[in-house]
Amino acid sequence: MPTTSPRAALRLEGIERRYVQGEGRLEILRGADFAVMEGQSVALVAPSGTGKSTLLHIAGLLEHQDAGEVFIGGNATAGLPDAERTRIRRVDVGFVYQFHHLLPEFSAQENVMLPQMIRGLSRREAATRAKELLGYLGLAKRLEHRPGELSGGEQQRVAIARAVANAPRVLLADEPTGNLDPHTADHVFHALSQLVEATGLAAVIATHNLELASRMHRRVTLQEGQVVELV
Ligand SMILES: Nc1ncnc2c1ncn2[C@@H]1O[C@H](COP(=O)(O)OP(=O)(O)OP(=O)(O)O)[C@@H](O)[C@H]1O
């Protein structure tokens, strides 16, 4: 019987990114290559200022690279018009940041419903999916809570539910537990890992937490502007 080989949900090829500051030039990414398969979680562990956020922003089509190509689900994105890049980002990419950025006046459930309604789902459909996701992340009893009425770990789990509400191919998380105590960080990481296993998402998680990174499928770092596998 033929076996299906895993597909790269995200592939970066020869990514270059430099910043010009006055007379100086900062070469942050110098031909970075990187691929993440469906259902795979990768920790990006590198010192501050080496370009983790830059790499995630380029991978998520939030920022343009100076050279190289980003493939999402096998489709090249570099030459696309901005409107098409935005469409792909909305459909295929979910982001989680260090701070949750939830809308304070909306409930947990409504925060998870919003991206779905923006994509055209009915209120009822969005509510059902939000409830299901929040339940999965252990927040079944927090649906009506506003962000200010949730703990830090709960807020981050709502942010994760929101990021995956539209079933993206790729989840990009930038220090998602950087603002949490170790116990809560552990809980949030566990929730993230479970989601990756359950949904076939590809996840890239920038973190300084080596213990949590050790639980991801792979670990990579940035060295001289290149992505290097850690073994
Ligand atoms: N818009 C910009 N203009 C000039 N330099 C920038 C710009 N954005 C980022 N940089 C520089 O590029 C480098 C990489 O930044 P980036 O935010 O990607 O690092 P990082 O590895 O995510 O760091 P941290 O772990 O501290 O968040 C830094 O030295 C930063 O100062």
Side-chain angles (χ1 to χ4, degrees), residues 9-36 40-72 77-78 82 85-86 88-89 92-102 152-153 155-156 159-160 162-163 168 170-182 184-186 188-189 192-193 196 201-231:
L10 171 70
R11 183 183 299 279
L12 273 56
E13 279 182 13
I15 299 296
E16 294 177 20
R17 183 71 174 111
R18 63 193 68 88
Y19 295 111
V20 180
Q21 285 270 284
E23 301 285 290
R25 240 161 83 110
L26 277 175
E27 306 272 352
I28 302 299
L29 299 173
R30 307 182 195 184
D33 297 320
F34 181 46
V36 190
Q40 193 173 57
S41 57
V42 184
L44 173 57
V45 188
S48 183
T50 46
K52 298 183 297 296
S53 300
T54 303
L55 188 82
L56 292 182
H57 290 167
I58 289 172
L61 312 186
L62 278 173
E63 187 173 327
H64 281 277
Q65 61 274 29
D66 295 306
E69 185 58 274
V70 176
F71 297 91
I72 296 185
T77 60
D82 280 347
R85 286 167 59 89
T86 302
I88 294 172
R89 186 169 63 244
D92 285 333
V93 185
F95 288 96
V96 180
Y97 298 96
Q98 181 171 357
F99 299 98
H100 57 75
H101 299 299
L102 297 170
Q155 290 167 349
Q156 250 342 33
I160 292 168
R162 179 185 54 181
V170 181
L171 180 70
L172 303 172
D174 201 349
E175 290 283 349
T177 60
N179 193 33
L180 304 174
D181 65 73
T184 311
D186 198 85
V188 169
F189 240 71
L192 251 175
S193 310
V196 170
L201 261 174
V204 186
I205 300 161
T207 180
H208 288 291
N209 188 326
L210 295 178
E211 211 278 301
L212 297 179
S214 71
R215 296 201 230 144
M216 303 282 98
H217 293 126
R218 286 165 54 205
R219 281 145 296 285
V220 297
T221 191
L222 284 167
Q223 268 172 21
E224 295 176 7
Q226 309 254 335
V227 179
V228 177
E229 209 77 28
L230 288 170
V231 280

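It should be emphasised that the depicted structure is a prediction, and the values quoted were computed from it without experimental measurement. Read the numbers this way: they start at 1 and go in the same order the structure lists the ligands and their atoms. Computed from heavy atoms alone, side chains included, the values below leave out hydrogens, waters and symmetry copies.
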Given F99 and Q155, is the side chain to side chain contact (heavy atoms under 4.5 Å, CB included) satisfied, shown in steps? CA-CA 9 Å; F99 299 98; Q155 290 167 349; over 6 Å; no
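- Under a 4.0 Å N-O distance rule, the pair E229/R218 qualifies as a salt bridge.
- Atoms of ligand 1 found under 4.0 Å from any heavy atom of H208, numbered from 1 in the order shown, are 25 (O).
- Counting protein heavy atoms only, atom 25 (O) of ligand 1 is closest to K52 NZ, 2.7 Å.
- In terms of protein heavy atoms, atom 6 (C) of ligand 1 is closest to Y19 CD1, 3.3 Å.
- For atom 23 (O) of ligand 1, the closest heavy atom belonging to the protein is G49 N, 2.9 Å.
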Give the intermediate values and the outcome of side chain to side chain contact (heavy atoms under 4.5 Å, CB included) for residues Q156 and T177. CA-CA 8 Å; Q156 250 342 33; T177 60; 6.0 Å; no
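- Those atoms of ligand 1 with a heavy atom of P47 less than 4.0 angstrom away are 21 (O).
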Please determine whether side chain to side chain contact (heavy atoms under 4.5 Å, CB included) holds for the pair V170 and D92, giving the CA-CA distance in whole Å, both sets of side-chain angles, and the decisive distance to 0.1 Å. CA-CA 6 Å; V170 181; D92 285 333; 5.8 Å; no
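- Counting only heavy atoms of the protein, atom 26 (O) of ligand 1 lies nearest to S48 OG, 2.4 Å.
- Residue-ligand proximity: G51 is placed with a non-hydrogen atom under 4.0 Å from ligand 1.
- Ligand 1 has no atom lying under 4.0 Å from any heavy atom of A206.
- Every atom of ligand 1 is numbered from 1 in the order shown, and the set under 4.0 Å from a heavy atom of Q21 is 4 (C).
- Annotation: atom 17 (O) of ligand 1 to nearest protein heavy atom, S53 CB, 3.6 Å.
- Checking each of L192, V204, V196, V93 against L171 for a side-chain contact (heavy atoms from CB on, under 4.5 Å) leaves exactly one that passes, namely L192.
- Two residues are said to be in side-chain contact when any heavy atoms from C-beta on lie closer than 4.5 Å; L210 and R219 fail this criterion.
- Nearest to atom 12 (O) of ligand 1 among the protein's heavy atoms is I28 CD1, 3.3 Å.
- The shortest contact between atom 15 (O) of ligand 1 and any protein heavy atom is with T54 OG1, 3.8 Å.
- Atom OG1 of residue T207 and atom CD of residue E175 lie 5.0 Å apart, to the nearest 0.5 angstrom.
- Here the side chains of Q65 and L29 are not in contact, with every heavy-atom distance at 4.5 Å or above.
- Contact annotation for atom 30 (C) of ligand 1: protein absent (non-hydrogen atoms, distance under 4.0 Å).
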